[in-house]
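One structure is given here, and the rest of the page talks about it.
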Amino acid sequence: MVAFVTFSFHLKGPIQNKFDYSRRLSKNNRSSLRLKYSSIPRSKKFWYNSVVSESQNTTRPTSSFNERFLYSENERNSEKLRPLVPILMGSNADLDRCQKIAAACRQLGLDTELRIASAHKIPERLLDIVQTYEADPRPKVYIAVAGRSNALSGVLDCAVSSPVISCPPYSDSYGGADLFSSIRMPSGVAPAYISEPGSAALFAAKILAIYDERIREKVQELQSSYRERLYVEDVDLKTKSYIPKIRARREQCLSITSLPGNLHKRQGKVRDQYDGKDYMILITTDRQSAFDRVLASIPFKGQVLNQTSAWWFERTKHIIPNHLVDVPHPYVTVAKKCQPFPIEFVVRGYITGSTETSLWKNYEKGIRHYCGITFRDGLVKNQKLEENVLTPTTKEANDRPISPEEIVSEKWMTREEFEYCKRAALELFAFGQRVAREHGLILVDTKYEFGRDKDGNILVIDEMHTPDSSRYWLSHSYEERMIQGKEPENIDKEFLRLWFRDHCDPYHDTVLPEAPEELVVELSRRYIMLYELITWQNFSWDGDAASSLWEAVKPYCKS
């Protein structure tokens, strides 16, 4: 009597998951002989589905069909074969379509090979090519591109054991693809039919993802990008309906604030700070600044910045406490009084920027040691860094980059203060990146400020992850645009800066021209769009921004 069995490779412990296959063994010697797995034909390796324990001489089923089918000599050596997608076309006329499929496959981490083999004109050549591929041990999915009478996919499917996808080209003769001949196959011939090149590549990747975890991750990334793109497009379309409300608010922007009660006021570029005795009253205005001056007033901008910060402050309290006490008005934050550290903690996940203090501009000049960090050669603009980095700057008349060692040696902060804030900044940024990516955005870089409250606690203060303090890109198109050498898609205020630079000298002209209404309205819409993308909340429309300010903050201004 003979039997087909599988032996456990077993030293001292119980049966192990990894096992070797045997060939036919007699009943008397099946427990003593073990031959190499390579002696078993590849097409039959999944037939052997028992494991024998040498110590107990018993059998048990293997864990799953996939385990038996995918287990191979290469996997035992941790050398997983790269999957392959052969793309076969009927003639060179189909090359453009095949190249589109190949490009989509490459984005999904799949190797491709393009071949010409007509099932009608050179059938012997087609079978010769198939024989070569069938001898290749790599996991495969074939894609056939042939129109009119589509025999290629049918013949191919009959000749190979791997899945076949038919993706016929469009034909002027049929006013589209030759659907009839592509789906009318005889019994036992089963190529899948997919008309769109990118979808054919995606289906091939989903099949091969069963074998390769890396391809599964690529598929998941692609599907995530589809969802992100649709979400961004929906919010973009939705906020365009806000334009009439934005126009109506144009003459009611909150540009100047004045609270009664002789409160001490300090005016910044965008925020006005009032000393409310026990608390600080922070009013974020609609002022739009650039070139070290105010360019225009943007409806609802202050509300967007104030409520975006409040949203992030509420969701990051598990990382570090913040100064937020209340948001009694869309434009107002009531905050704890703190003594700020004179350092801005700038965190970057990508190498980019256009200003003289930006990481990319310095790298482009040949600077490789920046803020105490050494960057390797070969980086390109807008590339993702290997890890998030902290590049602090001083808060002086002219901010300058500074290293951690200089921060301590120049006595801007103690070593303990700096390390605490550094850890918090990097954790806040990593958290922000995760949330932003879930919302279709890439948080590229940002800045944080920290201070001590009256009890000596270090808090994160000022603002957090707002469109003014942070750079955001659209995530769904980032990789494709990088491959094409294009700038990432963003939603920012750069177009308004460029208009002023083209129509005046914004650094030296005493009087600046008025910004066109179309640009002001569009920038307002973009701010609101970013708010809805970041928070996944509908923007709330209040009345006159200035009318209820004092009533909102009055309870916090009592001595």
Side-chain angles (χ1 to χ4, degrees), residues 224-250 252-254 270-271 284-288 296-316 322 324 327-333 349 428-429 431-446 463-478 488-496 517-545:
S224 176
S225 73
Y226 289 155
R227 293 190 294 269
E228 292 164 358
R229 176 176 57 81
L230 291 173
Y231 178 66
V232 170
E233 289 176 352
D234 174 63
V235 177
D236 182 43
L237 181 63
K238 177 185 173 186
T239 54
K240 287 178 180 176
S241 69
Y242 298 165
I243 288 177
K245 291 183 179 180
I246 295 172
R247 290 188 188 279
R249 183 64 170 269
R250 179 82 195 279
Q252 298 176 322
C253 289
L254 182 59
V270 175
R271 285 177 180 79
T284 308
T285 71
D286 292 328
R287 296 192 293 264
Q288 184 68 48
S297 292
I298 309 300
F300 301 105
K301 177 196 169 180
Q303 179 179 342
V304 166
L305 298 185
N306 192 59
Q307 293 185 328
T308 299
S309 275
W311 189 87
W312 283 110
F313 280 139
E314 184 63 29
R315 283 155 182 80
T316 56
N322 57 68
L324 180 65
V327 182
H329 184 279
Y331 283 77
V332 176
T333 288
L428 289 169
F429 188 71
F431 178 82
Q433 284 183 310
R434 289 194 298 272
V435 173
R437 191 60 190 257
E438 292 170 0
H439 296 191
L441 299 168
I442 295 174
L443 178 59
V444 181
D445 49 41
T446 193
E463 60 183 326
M464 185 183 293
H465 300 166
T466 69
D468 271 15
S469 67
S470 311
R471 193 190 316 263
Y472 287 97
W473 292 334
L474 301 184
S475 60
H476 71 268
S477 60
Y478 168 74
E489 285 187 281
N490 56 56
I491 308 171
D492 64 14
K493 59 189 177 184
E494 186 63 19
F495 69 94
L496 186 65
E517 180 180 5
E518 295 76 16
L519 298 187
V520 170
V521 170
E522 173 60 16
L523 183 53
S524 175
R525 186 189 74 85
R526 292 191 185 192
Y527 271 109
I528 296 171
M529 180 180 174
L530 267 173
Y531 171 81
E532 294 199 350
L533 283 172
I534 292 168
T535 67
W536 277 6
Q537 295 178 356
N538 292 324
F539 187 71
S540 60
W541 305 92
D542 67 316
D544 184 354

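- With no hydrogens or angles considered, a side-chain donor-acceptor pair links Q537 and Y531 at under 3.5 Å.
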For this session: List the steps, then state whether side-chain contact (heavy atoms from CB on, under 4.5 Å) holds for R250 with I246.
Result: CA-CA 6 Å; R250 179 82 195 279; I246 295 172; over 6 Å; no
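- A salt bridge is defined here as a Lys NZ or Arg NE, NH1 or NH2 lying under 4.0 Å from an Asp or Glu carboxylate O, and D234 with K238 fails to meet this definition.
- Defined by atom type and a distance below 3.5 Å, a donor-acceptor pair is missing between the side-chain atoms of S225 and E228.
- Of all heavy-atom pairs spanning T466 and S309, the tightest one is CG2-OG, 3.1 Å.
- Counted by atom type alone, Y472 and D445 present zero donor-acceptor pairs between their side chains at under 3.5 Å.
- Here CG of N490 is found 8.5 Å from CZ of R471. Values are rounded to the nearest 0.5 Å.
- Looking at heavy atoms from C-beta onward, V232 lies in side-chain contact with M529 at the 4.5 angstrom threshold.
- Looking at every heavy atom in both residues, V270 comes nearest to T285 through O-OG1, 2.7 Å.
- W536 and Y231 share a donor-acceptor pair across their side chains, judged by distance under 3.5 Å alone.
- Listed here is the closest heavy atom pair of P330 and N306: O-ND2, 3.0 Å.
- Rounded to the nearest 0.5 Å, atoms CD (E494) and CG (L523) are 11.0 Å apart.
- Geometrically, R249 engages F300 in a cation-pi contact defined by less than 6.0 Å to the ring centre and at most 45° from the axis.
- Side-chain contact between P488 and L474 is absent, with no heavy atoms from C-beta onward closer than 4.5 Å.
- When atom types are taken as modelled, the side chain of K301 and the backbone of S524 share no donor-acceptor pair closer than 3.5 angstrom.
- Using a 4.5 Å cut-off on side-chain heavy atoms (C-beta onward), Y478 and E489 make no contact.
- Counting heavy atoms from C-beta on, the side chains of E532 and T239 come closer than 4.5 Å.
- Only one option out of R229, R227, E233 pairs with H476 in a side-chain contact (heavy atoms from CB on, under 4.5 Å); it is R229.
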For this session: Apply side-chain contact (heavy atoms from CB on, under 4.5 Å) to W311 and M464, showing your working.
Result: CA-CA 9 Å; W311 189 87; M464 185 183 293; over 6 Å; no
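- To the nearest 0.5 angstrom, N322 atom CG is 9.5 Å from L428 atom CG.
- A distance below 6.0 Å separates the ring centres of F539 and W541.
- Between D468 and K493 the shortest side-chain heavy-atom distance falls below 4.5 Å.
- Nearest heavy-atom pair, G432 versus L443, reported as atom, atom and distance to 0.1 Å: C-CD2, 3.7 Å.
- Using a cutoff of 4.0 Å between basic side-chain nitrogens and carboxylate oxygens, E522 and R526 are scored as salt-bridged.
- Two residues are said to be in side-chain contact when any heavy atoms from C-beta on lie closer than 4.5 Å; F431 and T316 meet this criterion.
- Taking each heavy atom of H465 and I534 in turn, the nearest pair found is O-CD1, 4.2 Å.
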For this session: Give the intermediate values and the outcome of side-chain contact (heavy atoms from CB on, under 4.5 Å) for residues W312 and V435.
Result: CA-CA 10 Å; W312 283 110; V435 173; 3.7 Å; yes
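- With hydrogens and angles ignored, the 3.5 Å screen pairs no side-chain donor or acceptor of Q303 with any backbone N or O of T284.
- Legend: residues meeting salt bridge (Lys or Arg N to Asp or Glu O under 4.0 Å) with E314, ordered by chain and number and at least two apart, are K317.
- Contact check for S475 versus L441: no side-chain heavy atoms found under the 4.5 Å cut-off.
- R525 has its side chain within reach of I243: a pair of non-hydrogen atoms, C-beta onward, lies under 4.5 Å apart.
- Smallest separation of non-hydrogen atoms from C253 and I298: SG-C, 3.9 Å.
- Judged purely by distance below 3.5 Å, without hydrogens or angles, the side chains of S297 and D286 never pair a donor atom with an acceptor atom.
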